[in-house]
Amino acid sequence: MGRELRVHDLLIIGGGINGAGIAADAAGRGLDVVLCEAGDLAGATSSASSKLIHGGLRYLEHYDFGLVRKALGEREVLLRKAPHIAWPLRFVLPHSPEQRPRWMIRTGLFLYDHLARRRLLPGSSALNLSAVGGGAVFKPPFNHGFTYWDCWVDDARLVVLNARAAAMKGGTILTRTKVAKVRRADGAWLASLVDARTGQVSEVAARVIVNAAGPWAGQVLANITSASGIDAPGQPRLMLVKGSHIVVPRLHGLDDALILQNPDGRVVFVLPYEQDFSLIGTTDVAFDGDPRAVTASEDEISYLLAAVSRYVTSPPGRNMVVHSFAGVRPLYEEDAGKSASAASRDYVIHTTNVEGAAPILSVLGGKITTYRQLAEAVLDELAPYFPGLGPAWTATSPLPGGDIENADFAAFLDNLVKRRPELPRGLLAQIARRHGSLTEEVLGDGKGVEDLGQHYGHSLYEREVRYLVAHEWASTSEDILWRRTKAGLHMNAMQRAAVADALDGSIHTI
């Protein structure tokens with residue numbers, strides 16, 4: 001390895017929520033961090049979740065109290081860190097007597113209310129279902145239910161904002177950059193990187209590797225140990241599970257979320273989504289294939305539609321499905337006999353010891369809710385190798401755009417509207433939900449809509465697109481329409497094509 005090659009502290013492989021969260025935490029503690037992502041940030045599993053920060057009510061049935069407690073505590077942490085992309089959401093749980101007795105649900109909700117301290121979220125309560133949606137939502141057999149509260153989050157933006165936090169603390173974020181080969185050299189790890197856009201090959205050196213490649217974590221670890229000649233007995237096993245979602249026009253105009261018990265023991269969520277839609281998910285299907293090519297199958301779509309049809313008076317049909325997506329969850333496989341639904345969603349940090357060097361840390365499993373705690377756990381593991389490591393900091397520090405007074409988004413939006421009277425409130429609300437206190441930076445000196453450049457449709461204007469390219473590593477229309485924003489859901493094919501044309505043209509010259 002040439003002397004001129006800088007040796008970074010940490011090379012993180014994977015730009016999903018775990019990789020981005022670790023990068024932010026590590027950079028904020030003074031480490032020199034490089035994150036490499038083969039595709040786009042949140043380009044796989046981390047943008048295909050149910051968009052929930054939740055304790056996981058159903059995990060109580062598997063006695064996974066530790067995971068539920070950790071997750072419940074993170075809800076209010078995130079509400080304070082990122083009030084622009086996360087907010088409370090009320091859930092309605094219709095009682096289905098043949099599935100679970102009422103006392104069992106009451107007991108579960110009592111635990112859910114009290115396993116972690118609650119300040120911002122209300123507790124659970126019983127509910128007469130005739131009070132939901134004017135009484136026209138549920139079929140006659142379902143008269144009694146319960147309510148409880150969890151949180152909604154824009155999952156893809158959560159990843160991007162953590163990556164921005166890392167960059168603002170001095171970290172380097174390399175998207176569409178594949179780690180092709182890793183080997184030991186002069187006491188450090190030397191990685192060959194390939195830029196997917198140009199084919200250009202470069203090298204980066206680091207003291208420690210964190211493998212946060214999600215569904216590819218097992219493959220990445222095997223490649224590293226093989227190329228480096230490392231004897232690594234007891235390689236961890238991952239269970240890959242596909243979860244699919246469908247999007248339909250908003251059911252009954254509901255602002256509440258529904259959690260529906262299915263005869264197979266699973267639950268299906270119906271979630272208010274993007275003002276005009278409902279998001280329905282998810283499935284749990286064992287998966288063996290390329291996670292980047294995953295799609296919702298017709299069987300899964302039928303399963304989700306049937307689950308909703310069992311409960312609501314006007315269920316959606318197949319022709320009402322306007323969009324679908326799927327992701328592959330990598331679950332740590334302790335017991336090969338466990339079903340996909342029963343496998344724990346908790347994370348595991350696997351250490352591959354290397355003689356005379358820092359170990360390789362592989363992040364296995366986990367859920368978006370506990371990403372921040374996972375990052376702290378990784379840094380705890382690394383502390384012996386970095387004696388000057390700074391203290392934990394992410395629990396109380398807002399994410400970019402999240403420094404909103406009292407975490408009160410409604411008041412923030414009111415003040416923004418007063419400062420920008422020339423712009424429609426609805427447009428400001430959409431942009432502010434993406435960027436929070438950075439909205440003024442996005443808008444710049446623009447006054448009216450005529451100053452925002454080309455209007456591509458919905459709430460997306462040229463000025464924001466340029467901002468996403470310049471500051472959020474966006475480079476394709478898919479990055480912008482489905483991850484940095486969800487504007488693609490509201491656009492027609494011609495409008496989406498206009499965004500692609502702009503990115504192929506002058507937008508990338510900024």
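Side chains included, hydrogens not; waters and symmetry mates left out as well; all remaining heavy atoms used. Predicted, not measured: the structure shown is a model, and the values here were computed from it.
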Worksheet item: Is a donor on one side and an acceptor on the other found under 3.5 Å between the side chain of Asp25 and the backbone of Ile22?
Response: no

Practice prompt. Report the distance from atom CG of Asp504 to atom OG of Ser477, rounding to the nearest 0.5 Å.
Written response: 8.0 Å

Worksheet, complete the sentence: In this structure, CG of Leu304 is separated from OG of Ser309 (nearest 0.5 Å) by 12.5 Å

Worksheet item: Is there a side-chain contact between Leu254 and Val132 (heavy atoms, below 4.5 Å)?
Response: yes

Worksheet item: Any donor and acceptor pair, going by atom type alone, linking the side chain of Thr45 with main-chain N or O of Val328 inside 3.5 Å?
Response: yes

Worksheet item: Taking everything shown except Asp288 itself, do over 12 heavy atoms lie less than 6.0 Å from its CG?
Response: no

Discussion item. Would the distance check show the side chain of Gln373 and the main-chain N or O of Thr370 forming a donor-acceptor pair, the cut-off being under 3.5 Å?
Written reply: no

Worksheet item: Any ion pair linking Arg318 and Glu298 (charged N to carboxylate O, less than 4.0 Å)?
Response: yes

Worksheet item: Heavy-atom distance under 4.5 Å between the side chains of Tyr311 and Val270, does that happen here?
Response: no

Discussion item. Could you report the tightest heavy-atom contact between Pro400 and Arg164, atom names first, then the distance?
Written reply: CG-CB, 4.0 Å

Worksheet item: Pick one: which of Leu481, Asp276, Val247 meets side chain to side chain contact (heavy atoms under 4.5 Å, CB included) with Leu489?
Response: Val247

Worksheet item: Does some side-chain heavy atom of Ile13 sit less than 4.5 Å from a side-chain heavy atom of Cys36?
Response: no

Worksheet item: For the residue pair Phe269 and His54, does the interplanar ring angle fall in the parallel (under 30°), tilted (30 to 60°) or perpendicular (over 60°) class?
Response: perpendicular

Worksheet item: Can you find a heavy atom in the side chain of Leu503 that is under 4.5 Å from one in the side chain of Val469?
Response: yes

Discussion item. If we check side chain to side chain contact (heavy atoms under 4.5 Å, CB included) with Phe409, which of these qualifies: Leu79, Ile404, Asp414?
Written reply: Ile404

Practice prompt. Could I get the full list of ring-ring contact (aromatic ring centres under 6.0 Å, His included) partners for Trp149, not counting sequence neighbours?
Written response: none

Item to complete: Measure from the side-chain N and O atoms of Gln430 to the backbone N and O of Leu427, and report whether any donor-acceptor pair falls under 3.5 Å.
Response: no

Worksheet item: Quick one: are Gln275 and His458 in side-chain contact, heavy atoms under 4.5 Å?
Response: yes

Worksheet item: Quick one: does Lys242's side chain have a donor or acceptor within less than 3.5 Å of a partner on Thr295's backbone?
Response: yes

Item to complete: Examine Arg292 relative to Trp216 and say whether NZ or CZ is less than 6.0 Å from the centre of the six-membered ring and inside a 45° cone about the ring axis.
Response: yes

Worksheet item: Does Leu93 reach the side chain of Val267, with side-chain heavy atoms less than 4.5 Å apart?
Response: no

Worksheet item: Do His144 and Phe138 make the cut of ring centroids closer than 6.0 angstrom?
Response: no

Fill in: Residue of the set Arg483, Lys367, Lys51 for which salt bridge (charged side-chain N to carboxylate O under 4.0 Å, His left out) holds with Asp155
Lys51

Worksheet item: Got a sec: does the NZ of Lys178 have more than 12 other heavy atoms crowding it under 6.0 Å?
Response: no

Discussion item. Are the side chains of Pro330 and Leu240 in contact, using a 4.5 Å heavy-atom criterion?
Written reply: yes

Worksheet, complete the sentence: Interatomic distance, OG1@Thr147 vs CD1@Ile259, rounded to 0.5 Å, equals 12.0 Å

Worksheet item: Less than 4.5 Å apart, any side-chain heavy atom of Ile480 and any of Tyr456?
Response: no

Item to complete: Using the ring of Tyr347 (Phe, Tyr or Trp, six-membered ring only), decide whether Lys70 places NZ or CZ under 6.0 Å from its centre and within 45 degrees of its axis.
Response: yes

Practice prompt. Please lay out, stage by stage, how Arg329 and Asp284 fare under the test salt bridge (charged side-chain N to carboxylate O under 4.0 Å, His left out).
Written response: CA-CA 9 Å; Arg329 296 187 286 263; Asp284 267 326; 2.2 Å; yes

Fill in: Whether His245 side chain and Gly327 backbone form a donor-acceptor pair below 3.5 Å
no

Worksheet item: What's the verdict on salt bridge (charged side-chain N to carboxylate O under 4.0 Å, His left out) for Arg157 and Glu472, showing C-alpha distance, side-chain angles and the deciding distance?
Response: CA-CA 10 Å; Arg157 290 211 58 78; Glu472 294 193 358; 2.7 Å; yes

Worksheet item: Is there a donor-acceptor contact under 3.5 Å from the side chain of Tyr112 to the main chain of Gly56?
Response: yes

Discussion item. Before you tell me yes or no, could you show the steps for Arg250 and Asp255 under salt bridge (charged side-chain N to carboxylate O under 4.0 Å, His left out), namely the whole-Å CA-CA distance, both residues' side-chain angles and the distance that decides it to 0.1 Å?
Written reply: CA-CA 9 Å; Arg250 181 71 68 93; Asp255 292 327; 3.1 Å; yes

Worksheet entry | Polar side-chain atom of Thr283 near backbone of Ser244 as donor-acceptor pair, under 3.5 Å | yes

Item to complete: Would you tell me whether Thr476 and Asp479 have side-chain atoms, one donor and one acceptor, within less than 3.5 Å of each other?
Response: yes

Fill in: Arg484 side-chain N/O to Val465 backbone N/O, donor-acceptor pair under 3.5 Å
no

Discussion item. Give me the atom names and distance for the closest heavy-atom approach of Ile85 to Arg433.
Written reply: CG2-O, 3.4 Å

Worksheet item: Who pairs with Arg106 by side chain to side chain donor-acceptor pair (under 3.5 Å), at least two apart in sequence or on another chain?
Response: none

Discussion item. If I take atom CZ from residue Phe325 and atom OG1 from residue Thr282, how far apart are they, to the nearest 0.5 angstrom?
Written reply: 8.0 Å

Practice prompt. Just say parallel, tilted or perpendicular for the rings of Trp482 and His323, cut-offs at 30° and 60°.
Written response: parallel

Worksheet item: So Asp154 and Arg434, salt bridge (charged side-chain N to carboxylate O under 4.0 Å, His left out) or not? Walk me through it.
Response: CA-CA 9 Å; Asp154 187 324; Arg434 295 193 278 267; over 6 Å; no

Discussion item. Under a plain distance cut-off of 3.5 Å, with no hydrogens placed, do Asp299 and Ser297 share a side-chain donor-acceptor pair?
Written reply: no

Worksheet item: Quick check: does any side chain N or O of Arg118 sit under 3.5 Å from a backbone N or O of Asp113, one acting as donor and the other as acceptor?
Response: yes

Worksheet entry | Residue list, side-chain contact (heavy atoms from CB on, under 4.5 Å) with Ala395, at least two apart or on another chain | Arg372

